[in-house]
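Working notes for the structure below.
Naming: A, B, ... by sequence-line order, numbering from 1 per chain. Below, all heavy atoms of this structure are taken into account, side chains as well, without hydrogens, waters or symmetry copies.
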Amino acid sequence: MASSLENLTKVDIAGFQKDLIGWFEEEQRELPWRKDQDPYKVWVSEIMLQQTRVDTVIPYFNRFIDQFPTIEALSSADEDKVLKAWEGLGYYSRVRNLQTAVREVHEKYDGVVPNTLKSISTLKGVGPYTAGAILSIAYGIPEPAVDGNVMRVLSRILSIWEDIAKPATRKVFEEAIREMISHDNPSFFNQALMELGALVCTPTSPSCLLCPVRDHCHAFHEGTQNELPIKTKNKNQRKVQIGAVIIRDEEDHVIIHKRPKEGLLANLWELPNTEIHLPFINEKDQIKSELKQAYNLDIEMGNLLGQLEHVFSHLIWNINIYEAKLTSDFKHANDVKIVTKTELEEFAFPVSYQKIIKHYINE
DNA sequence: TATTCGTGGTC
DNA sequence: TGACCAAGAAT
């Protein structure tokens with residue numbers, strides 16, 4: 001069986017580098033993290049950009065750097081403030097890992113982001129892609145940074161038919177990049193591949209007639225650019241019924257709960273809620289009983305206010321939203337608070353609960 | 001290795 | 001409109 005990289009020897013690597021980097025120098029977007037090569041800012045941008053679109057990241061990046069401009073600033077920040085700055089971006093463990101890693105750099109490396117693959121790879125949240133991205137972009141080190149764009153572009157350039165959904169496949173592309181990467185400008189080489197994937201060599205209907213490297217592209221010559229890359233699909237989401245409750249005291253304060261420090265939406269805040277296993281059978285009684293057990297809250301259940309479906313990448317919440325009255329004195333706990341409507345704004349909520357608060361509490 | 005971990009945009 | 005997608009890492 002032929003090697004998946006058999007076409008690598010047919011590529012004019014010097015010409016490919018020149019055409020690719022030349023295009024990037026002319027056509028790259030002006031992005032806030034491209035104003036300088038501050039390793040900390042490059043790092044923050046790469047974490048934010050994981051599985052997240054550039055247009056979504058831009059305002060978050062600007063606010064985040066404004067609020068936490070240096071490694072020192074992020075190191076000394078409260079995690080609740082950091083999560084609040086990340087609110088709505090998703091994959092919240094990214095920013096908790098980032099703060100953990102930044103604190104390690106602050107203490108162990110005197111605030112200087114490591115510039116070796118071995119050291120930087122030990123940092124929490126820094127995997128093979130992010131390590132290569134920081135090393136090449138911030139330090140000019142010729143290390144592969146293989147993301148989804150790079151796999152898509154190279155699968156077409158080199159006609160690689162392996163399934164890019166499989167984790168082991170990334171190494172095939174790393175091997176190719178090690179042969180192809182510009183040692184004069186590894187930063188622009190890596191960024192150009194990703195920029196090309198974002199702007200030209202798109203997942204559907206790639207703009208081959210505008211592509212600066214189409215003469216180097218095996219798929220373009222074969223006409224297979226719409227068949228590549230091979231990517232198997234993921235499974236369907238499982239559905240979960242949730243009963244969430246807006247619990248008020250007599251002064252219109254609202255009770256909120258901090259989620260566990262691990263798992264889905266870790267350390268974010270939410271309304272008291274419970275999973276409903278047998279929907280439509282004494283649902284209010286179930287909720288009242290389980291909230292007593294889980295949070296030690298005594299409540300009188302009120303009306304069903306509405307319903308909300310929230311789709312995650314791997315599951316679907318169907319939330320029934322109730323109101324309720326607190327019927328005994330509230331006892332403070334680390335993970336349960338009672339707050340005013342104004343104070344709600346200080347806490348980081350998942351988007352599903354942001355919507356509930358906006359619709360049923362603030363208006 | 002396969003699954004978990006968010007969200008908003010797109011077709 | 002539902003399925004897929006977007007600069008992945010941890011477990």
Side-chain angles (χ1 to χ4, degrees), chain A residues 24 28-29 31-34 42-61 83 86-98 100-101 120-134 136-138 144-154 163-171 173-174 177 187 189-199 201-205 229 231-240 259-268 270 309-317 348-355:
Chain A
F24 183 71
Q28 65 169 295
R29 292 168 289 182
L31 300 173
W33 48 89
R34 288 180 175 164
V42 171
W43 186 3
V44 170
S45 75
E46 292 302 340
I47 300 298
M48 283 190 173
L49 286 162
Q50 289 170 6
Q51 301 292 289
T52 311
R53 285 181 157 75
V54 164
D55 288 344
T56 301
V57 166
I58 290 172
Y60 280 91
F61 177 83
L83 280 171
W86 207 268
E87 183 185 49
L89 249 192
Y91 289 140
Y92 299 94
S93 66
R94 288 184 294 176
V95 76
R96 299 195 305 121
N97 289 337
L98 174 63
T100 298
I120 205 170
S121 297
T122 66
L123 297 172
K124 266 280 192 293
V126 178
Y129 163 75
T130 304
I134 297 172
S136 61
I137 296 171
V146 175
D147 71 338
N149 284 311
V150 172
M151 289 197 282
R152 181 174 59 258
V153 171
L154 274 200
D163 182 3
I164 68 168
K166 294 197 178 306
T169 303
R170 196 197 70 253
K171 292 181 179 174
F173 291 91
E174 282 185 353
I177 294 294
S187 168
F189 181 89
N190 280 342
Q191 290 187 75
L193 275 180
M194 293 187 276
E195 195 83 338
L196 190 70
L199 300 181
C201 195
T202 47
T204 58
S205 43
K231 188 176 185 181
T232 55
K233 14 188 155 176
N234 31 355
K235 303 193 302 185
N236 288 338
Q237 300 104 321
R238 80 171 191 280
K239 297 186 175 178
V240 177
R259 294 177 59 85
K261 66 180 190 305
E262 290 184 340
L264 181 67
L265 305 164
N267 280 1
L268 271 69
E270 63 185 1
E309 179 184 84
H310 189 79
V311 179
F312 298 88
S313 43
H314 62 299
L315 63 88
I316 298 173
W317 276 355
F349 291 91
V351 165
S352 50
Y353 285 98
Q354 289 179 46
K355 288 178 179 171

Practice task
Pick base, sugar-phosphate or nothing for V57(A), based on heavy-atom distances below 4.0 Å to the nucleic acid.
Solution key: nothing
Practice task
Report the C-alpha separation of Y129(A) and E46(A) in whole Å, then their side-chain angles, then the decisive distance to 0.1 Å, and conclude whether the side chain to side chain donor-acceptor pair (under 3.5 Å) test is met.
Solution key: CA-CA 9 Å; Y129(A) 163 75; E46(A) 292 302 340; 2.5 Å; yes
Exercise for the section: Assign L315(A) to base, sugar-phosphate, or nothing according to its heavy-atom contacts below 4.0 angstrom with the strands shown. Expected result: nothing
Practice task
Quick one: sort the H310(A) and W317(A) rings into parallel, tilted or perpendicular, breaks at 30° and 60°.
Solution key: tilted
Handout entry: Below 4.0 Å: OP1/OP2 of dT7(B) and any side-chain N or O of Y92(A)
Key = yes
Practice task
Could you check whether T52(A) gets within reach of a base, just the sugar-phosphate, or nothing at all, counting any heavy atom under 4.0 Å?
Solution key: base
Practice task
Pick base, sugar-phosphate or nothing for R34(A), based on heavy-atom distances below 4.0 Å to the nucleic acid.
Solution key: base
Problem - Distance test, side-chain N/O of K166(A) to OP1/OP2 of dT1(B), below 4.0 Å - result: no
Practice task
Check whether any side-chain nitrogen or oxygen of H314(A) sits under 4.0 Å from OP1 or OP2 of dT4(B), and answer yes or no.
Solution key: no
Exercise for the section: Select base, sugar-phosphate, or nothing to describe what A266(A) touches, counting heavy atoms under 4.0 Å on all strands. Expected result: nothing
Exercise for the section: Report yes if at least one side-chain N or O of H310(A) is closer than 4.0 Å to OP1 or OP2 of dT7(B); otherwise report no. Expected result: yes
Practice task
Using a 4.0 Å heavy-atom cut-off across all strands, classify G197(A) as base, sugar-phosphate, or nothing.
Solution key: nothing
Practice task
Give a yes/no answer on whether the side chain of T130(A) brings an N or O atom under 4.0 Å of OP1 or OP2 in dA9(C).
Solution key: yes
Problem - N or O in side chain of R152(A) less than 4.0 angstrom from dA6(C) OP1/OP2 - result: yes
Handout entry: Earlier contact from the 5' end, DNA chain C, for Q237(A) and A131(A)
Key = Q237(A)
Fill in the blank from the handout: Taking for V311(A) and for K235(A) the nucleotide of DNA chain B with the nearest heavy atom, the one nearer the 5' end belongs to K235(A)
Completion exercise
Note: for Y91(A) and N236(A) on DNA chain C, the residue whose nearest nucleotide lies more 5' is N236(A)
